[in-house]
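All values derive from a computational prediction rather than experimental measurement.
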Amino acid sequence: MRLQISNRLKEIMTDTSEYPFKKTEAEWRAQLSPEEYDVLRCGGTEAPGKGEFCTFFPKEGYFCCRACKHPLYSSSSKFNDRAWDAYSKCYYSGGEKPHVGVRDHNEVCCNNCGSHLGHVFPTSEVDTHQRH
């Protein structure tokens, strides 16, 4: 199956200087643990099954960006992927701008601060056919 990313997500984010929430790299390093900095600011990857939310499925609420606390995904969009956190769709502000963007074809990022969140992949497990 070939992934078809929605046009609204494709239109967002290519220039990382355009994010509304800004900090210097020194400020990010002071705020985040070394592992968080590697993943969020350098595009690193957590080991499969090691994330603190892999087995956490709340009935209500939302998941936010670890770096800037911007709401990203509702708890109802989370599904079991057995390796990493997996979400089927993200929040939109006023129905217009997604809180999550896609860079370089499949890299998922926070549209508030530009932090790396992972990748989007095709899946038949959910109705959006997208696994974030």
Side-chain angles (χ1 to χ4, degrees):
M1 174 191 330
R2 184 166 178 195
L3 177 63
Q4 296 294 316
I5 297 172
S6 73
N7 286 335
R8 291 205 307 192
L9 286 179
K10 275 187 202 177
E11 291 172 6
I12 308 300
M13 313 326 294
T14 52
D15 181 359
T16 60
S17 68
E18 297 302 313
Y19 300 103
F21 188 91
K22 298 183 186 321
K23 285 191 174 193
T24 66
E25 288 309 305
E27 290 171 322
W28 286 124
R29 285 185 185 278
Q31 174 189 326
L32 303 168
S33 73
E35 183 180 13
E36 289 170 342
Y37 184 85
D38 179 57
V39 171
L40 295 168
R41 305 308 302 167
C42 301
T45 302
E46 286 182 319
K50 299 296 182 189
E52 68 181 285
F53 298 117
C54 284
T55 58
F56 180 62
F57 294 90
K59 296 201 184 306
E60 56 186 38
Y62 60 89
F63 293 89
C64 63
C65 176
R66 176 74 85 176
C68 72
K69 310 303 182 231
H70 193 55
L72 301 172
Y73 301 102
S74 72
S75 61
S76 64
S77 73
K78 189 165 193 262
F79 64 97
N80 189 0
D81 184 60
R82 298 169 298 285
W84 290 279
D85 294 354
Y87 306 90
S88 60
K89 57 188 170 236
C90 68
Y91 277 135
Y92 282 78
S93 290
E96 294 294 320
K97 184 174 179 172
H99 288 206
V100 171
V102 178
R103 295 188 291 235
D104 299 325
H105 306 292
N106 76 343
E107 180 194 3
V108 180
C109 62
C110 172
N111 268 346
N112 191 47
C113 71
S115 288
H116 171 82
L117 302 173
H119 297 86
V120 61
F121 297 102
T123 184
S124 59
E125 293 182 65
V126 293
D127 62 350
T128 60
H129 300 286
Q130 294 183 10
R131 175 207 164 280
H132 293 216

> So if you build clusters from Ile, Leu, Val, Met, Phe, Trp, Tyr with side-chain heavy-atom gaps below 4.5 Å, do F63 and L117 land together?
Replying inline: yes
For a quick test of reading the model, state the closest non-hydrogen atom pair linking [X] to [Y] and the distance between them.
X    : Y    : value
H99  : L72  : O-CD2, 3.6 Å
P98  : N111 : O-ND2, 2.8 Å
R103 : G114 : NH1-O, 3.1 Å

> In chain order, what residues pass the side-chain hydrogen bond (donor to acceptor under 3.5 Å, both in side chains) check against R66, with sequence neighbours excluded?
Replying inline: E36, E52
Spacing of [atom1] belonging to [X] relative to [atom2] belonging to [Y], to within rounding of 0.5 Å:
X    : Y    : atom1 : atom2 : result
T45  : H116 : OG1   : NE2   : 5.0 Å
S115 : K23  : OG    : NZ    : 10.0 Å
L40  : C65  : CG    : SG    : 6.0 Å

>> Is any side-chain heavy atom of Y37 closer than 4.5 Å to one of E25?
In response: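 A side-chain contact under 4.5 Å exists here.
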> Does the side chain of C113 reach to within under 4.5 Å of the side chain of R41, using non-hydrogen atoms?
Replying inline: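 Sidechains of R41 and C113: in contact.
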>> If the condition is side chain to side chain contact (heavy atoms under 4.5 Å, CB included), which residues does Y62 pass it with, not counting sequence neighbours?
In response: C64, P71, Y91
> Within a reach of under 6.0 Å around CD of E60, are more than 12 heavy atoms found that belong to other residues, nucleotides or ligands?
Replying inline: no
>> If you apply the rule side-chain contact (heavy atoms from CB on, under 4.5 Å), what do you find for C109 with Y19, and how did you get there?
In response: CA-CA 10 Å; C109 62; Y19 300 103; 3.6 Å; yes
